[in-house]
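Since the structure comes first, as structure tokens, the remarks are kept for the end.
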Amino acid sequence: MPKVLVVDDEPNIVLSLEFLMQQAGFEVTTAEDGEGALARVAEDLPDLVLLDISLPDLSGFEVLERLRQMPRGAKLPIIMLTAHGREVEREKGLALGADDYITKPFSTQALVEKVKALLDEAR
């Protein structure tokens, strides 16, 4: 069963994403901040990360950069999930190595399909 790491500091969003991903057949782990996300990846590599940009310690962009510098995180599929919908932020996320950039609110069906597609590509 593929593992998805959900990184968001909003408990309601974490709960809804966790439920959505479990319903889609994924094992889910969570982190509420950037340092927690980096620690989770270091200790138990997920198959994909859903990463919020607005986190309390490190921004999602910083987490993305650090993950891409780690041997374990270099090829890890990462989807940025954010309320920041400006084109400049989208371009920054993709330039830093995100596999996709999805703005909130988003279609849950579209998100599940994107996760499955990225996991299939990574195999």
Side-chain angles (χ1 to χ4, degrees):
M1 183 183 315
K3 276 187 296 210
V4 174
L5 171 60
V6 174
V7 185
D8 202 304
D9 62 328
E10 246 347 285
N12 294 342
I13 293 173
V14 170
L15 280 173
S16 59
L17 286 172
E18 190 171 18
F19 178 76
L20 177 69
M21 291 296 122
Q22 286 171 341
Q23 291 300 304
F26 303 115
E27 183 183 326
V28 181
T29 55
T30 63
E32 60 193 36
D33 58 33
E35 292 293 349
L38 294 170
R40 282 272 183 322
V41 170
E43 71 194 29
D44 187 20
L45 186 67
D47 296 294
L48 182 137
V49 178
L50 296 176
L51 178 61
D52 186 25
I53 288 178
S54 300
L55 298 170
D57 54 356
L58 303 168
S59 76
F61 291 129
E62 291 172 295
V63 174
L64 175 60
E65 279 187 289
R66 290 196 193 179
L67 286 173
R68 289 299 183 228
Q69 291 166 0
M70 295 167 61
R72 303 186 83 178
K75 296 201 182 331
L76 182 63
I78 299 173
I79 299 175
M80 305 294 286
L81 282 180
T82 180
H84 301 274
R86 297 198 333 251
E87 190 59 32
V88 64
E89 289 163 324
R90 177 183 171 77
E91 288 172 8
K92 180 178 179 181
L94 295 174
L96 290 173
D99 293 280
D100 208 339
Y101 190 103
I102 298 175
T103 52
K104 300 172 188 172
F106 49 82
S107 153
T108 55
Q109 187 58 40
L111 177 61
V112 169
E113 287 170 12
K114 176 52 72 175
V115 167
K116 287 181 177 177
L118 279 174
L119 287 170
D120 285 346
E121 282 175 32
R123 283 194 191 126

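Just the heavy atoms: all of them, side chains too, but no hydrogens, waters or symmetry mates, feed the values below. Keep in mind that what you see is a predicted model, and the values were worked out from it rather than measured.
- Distance CD/Glu89 to OG/Ser59: 10.5 Å, rounded to 0.5 Å.
- Hydrophobic clustering, with ILVMFWY side chains joined whenever heavy atoms are under 4.5 angstrom apart, groups Val4 together with Leu118.
- Closest of all the heavy-atom pairs between Lys116 and Ala24 is CE-O, 4.0 Å.
- No side-chain donor-acceptor contact under 3.5 Å links Arg68 to the backbone of Ala98.
- Phe61 and Leu55 fall within the same hydrophobic cluster, where Ile, Leu, Val, Met, Phe, Trp and Tyr residues are linked whenever their side-chain heavy atoms come under 4.5 Å apart, directly or through other members.
- Ion pair Asp52/Lys104 flagged as a salt bridge, since at least one NZ, NE, NH1 or NH2 atom sits closer than 4.0 Å to an Asp/Glu carboxylate oxygen.
- With a 4.5 Å cut-off on side-chain heavy atoms, Glu43 and Arg40 count as touching.
- By the 4.5 Å heavy-atom criterion applied to side chains, Leu94 and Glu91 are not counted as neighbours.
- Val7 and Ile78 end up in the same hydrophobic cluster when Ile, Leu, Val, Met, Phe, Trp and Tyr side chains are linked at under 4.5 Å.
- Within 6.0 Å of CD on Glu62 lie more than 12 heavy atoms contributed by other residues, nucleotides or ligands.
- Note that CG of Leu96 is 11.5 Å distant from CG of Leu67, once rounded to the nearest 0.5 Å.
- Using a 4.5 Å heavy-atom cutoff, the side chains of Glu10 and Ser16 are not in contact.
- For Asp33, the salt bridge (Lys or Arg N to Asp or Glu O under 4.0 Å) test picks out no residue, with sequence neighbours left out.
- Taken from CG in Leu64 to CD1 in Ile79, the straight-line distance is 12.0 Å, to the nearest 0.5 Å.
- Using a 4.5 Å cut-off on side-chain heavy atoms (C-beta onward), Thr82 and Arg90 make no contact.
- Under the 4.5 Å side-chain heavy-atom criterion for grouping Ile, Leu, Val, Met, Phe, Trp and Tyr, Ile53 is not connected to Leu111 through any hydrophobic cluster.
- The two residues Ala37 and Val63 have their closest heavy-atom pair at CB-CG1, 4.3 Å.
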Handout entry: side chain to side chain donor-acceptor pair (under 3.5 Å) between Gln69 and Glu65, intermediate numbers included
Key = CA-CA 6 Å; Gln69 291 166 0; Glu65 279 187 289; 5.2 Å; no
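- Between the side chain of Gln23 and the main chain of Leu20, no donor-acceptor pair closer than 3.5 Å is present.
- Looking at Leu81 and Leu17, their side chains come closer than 4.5 Å, going by heavy atoms from C-beta outward.
- Using a 4.5 Å cut-off on side-chain heavy atoms (C-beta onward), Met80 and Asp99 make no contact.
- Rounding to the nearest 0.5 angstrom, the gap separating the CG atom in Leu5 from the CG atom in Leu50 is 8.0 Å.
- Closest non-hydrogen pair, Gly25 versus Met1, comes out as O-CG, 3.1 Å.
- Of all heavy-atom pairs between Asp47 and Pro2, the closest is OD2-CA, 3.2 Å.
- The closest donor-acceptor contact from the side chain of Asp57 to the backbone of Glu35 lies under 3.5 Å.
- Under the 4.5 Å side-chain contact rule for hydrophobic residues, Phe19 and Val115 do not share a cluster.
- Between Arg66 and Leu38, the shortest heavy-atom contact is CD-CD1, 3.7 Å.
- Between Val41 and Pro46, some side-chain heavy-atom pair lies under the 4.5 Å cut-off.
- Enclosure of atom CZ in Phe106 by more than 12 non-hydrogen atoms of other residues, nucleotides or ligands within 6.0 angstrom is indicated.
- Side-chain contact between Phe26 and Leu48 is absent, with no heavy atoms from C-beta onward closer than 4.5 Å.
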